[in-house]
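The structure appears below as structure tokens.
Residue numbering restarts at 1 for every chain, and letters A, B, ... go by the order of the sequence lines. Every value quoted in this text rests on a predicted model; they were computed, and no experiment measured them.
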Amino acid sequence: MLRYVLRRLLEAIPVMLVIITGTFFMQRFVPGGPFTAEKAVTPEVQRNLEAYYHLNDPLWKQYVDYLWDLTPKRFHPLALTDGLDLKEAFGIDFRPSFKYPNRTVNEIIADKLPVSLELGMISLGVALVIGLPLGILAAVRRNSWIDYICSSVAMTGICVPTFVLGPVLVLGFAIHLGWFNASGWYGPIDRVLPSLTLGSVYAAYIARLTRGGFLEVLNQDFIRTARAKGASESRVIFRHALRGGLLPVVSFLGPAVAGILTGSFVIETIFQIPGLGREFVNSAFNRDYTLILGTVILYAGFIIVLNLVVDVVQVWMNPKLKFE
Amino acid sequence: MNTVEATPPAPAPMAPATPTEVEAGHSLWAGAWHRLRQNRLAVFGGITVIVLALLCAIGPVFAQSYEDQNLDLGAVGPRAAHWLGTDTLGRDLFARLLYGGRISLMVGLVATFVALVIGVSYGAIAGYAGGKIDAAMMRIVDILYALPFTIFVILLMVFFGRNIFLLFFAIGAVEWLTMARIVRGQVLSIKRMEYIEAARALGFGRRRIIFRHVIPNVLGPIIVYTTLTIPSVMLLEAFLSFLGLGVQPPMSSWGALIKDGADKMEEFWWLLVFPGGIFSLTLFSLNFLGDGLRDALDVRSSKD
């Protein structure tokens, strides 16, 4: 298994290089730059700015320097607990931001990432807590009205996009009923509507996948054997069917995590949450070169690592698969 | 190749409507059509999609112009003159929905077509070539699967401006991966079927085998998956429009109308509820139709 993980991590290096290179050169070769929208600055200021950000160096040199700054140079993961600084922990330096003077991209990430992580984790939790029971219930009571209700709820969750559901929830529960704040990210109560909105689509997919997975497992011989031996219905479901029934859900978690990450762009915009997703969209509009690259690299790294974790869990759960 | 993949298993070889299921003398397509008509939700979805598409296509001829402003009127709720109310500039919401639907549906169709062309050719080449070429090509797809593509579409749209043709291409370029996988799996398994061997033994040419025997058997999954790609493409377009990266005003899509409605919902609820409702209804219908087609054509889904 260790060999497998190592190989996958090695494979990730060229992928990350392609992502970094592509983003780096794409943003340089298109018209417009971080300073074009600003009020006209004196040539002297312009020169100082360009010198500060090394924009006068040849492009290849900027690129190579940047890559070097990104290369991990040390390994102190424990330093992450103290302020989430990637420079302290791994020696990864994302450089100063172009739009927030005096702030480095490392600081911005350390500041905003925890918010997005919290939102994402609560949403994933919501998706599992709603989706799994719905799916299991629908499978166990197949083709009954319970099944139809669960399946329709799931289809609704898939077809009502987050950017419709979010505003509608705000309209109903925050503006009309006054139960929640319409926006903001202060107390625990502010977590409710955003995570419900972001989690709903994934709850729906998880419910469908769980239903399908359980239906397949419940038809198999070992389940019949368990029933024949007199195992109770709940024992059959939770002892015997659970592992196989959850397999499709586990393989869906990789794409789901990627989707929750990008989904947070819209959620953070709707609910005015100070997270990294909103920061990324703004940085793209602002042409904040270093912040764009920093967030893209971070998101790509996240997705690659989480996919690896999901793959390992999958093999661990499914004896038919092997590490290769 | 590694056997561990984060993605759903490749679709099982499509059982081309086993004879026991289809009444004697009926072709694959007649049997599928018969089964599709039995599925009420799929029929409902299909009819809704057709009605909506027709409304959007010819409706604007009769409705008021989507650009006509009436600043004195401002935003008013649903009433006889304006069935679904007006926006803050006094523009008729119903007319704007019809025009927005044109853009949304067009993006759905064109971008899906782009995805279809890329995905089918890529998958078919990989499946035909087999061996090392296939392994390498599918490894690339595996890697691309794990990438945050929405992020790149956002960057593309920001950097190159909100160009509708770029939108088609960017979305299409993102959505082809699953199609490639499905087609490749199909071609790979069909290549080994006995009836292909039989056709070869009968001395049929390669072209005849491809067009008469392989393609018709891959068509089912392609049709099903195309139907299911359209809603996800429309969703991505609306997602971009919501972030302000879709089509340019005064042109509008359903996503842009939803964004507009979400901004103003505190005072003018109808601006959010109607666009959101019609967009969700469309996604519903397309998904039901796609699911129905999948059952009717007996395609094992790779999505769930």
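Counting heavy atoms from C-beta outward, Leu245(B) and Phe285(A) have side chains that approach closer than 4.5 Å. In this structure the side chain of Ile154(B) reaches within 4.5 angstrom of the side chain of Phe280(A), judged on heavy atoms. Trp254(B) places none of its side-chain heavy atoms less than 4.5 Å from the side chain of Val164(A). Side-chain atoms of Pro161(A) and Phe279(B), non-hydrogen and from C-beta on, do get closer than 4.5 Å to each other. At a threshold of 4.5 Å between non-hydrogen side-chain atoms, the residues Ile151(B) and Thr295(A) do not count as touching.
Nearest heavy atom pair, residue Ala238(B) against residue Phe163(A), reads CB-CZ, 3.3 Å.
Proximity to chain B (any heavy atom under 4.5 Å) is restricted, for Ile292(A), to the side chain, taken from C-beta onward. When heavy atoms are compared at a cutoff of 4.5 Å, Leu272(B) approaches chain A solely by way of its side chain, counted from C-beta outward. Heavy-atom distances place the side chain of Ile270(A), and not its backbone, under 4.5 Å from chain B. With a threshold of 4.5 angstrom between heavy atoms, Val160(A) approaches chain B through its backbone and through its side chain. Looking at Phe284(B), the atoms closer than 4.5 Å to chain A (heavy atoms on both sides) sit in the backbone and in the side chain alike. Heavy atoms closer than 4.5 Å to chain B are found in the side chain of Ile175(A), but not in its backbone.
Of all residues in residues 147-158 of chain A, those placing a non-hydrogen atom less than 4.5 angstrom from a non-hydrogen atom of chain B are Met155(A), Thr156(A), Ile158(A).
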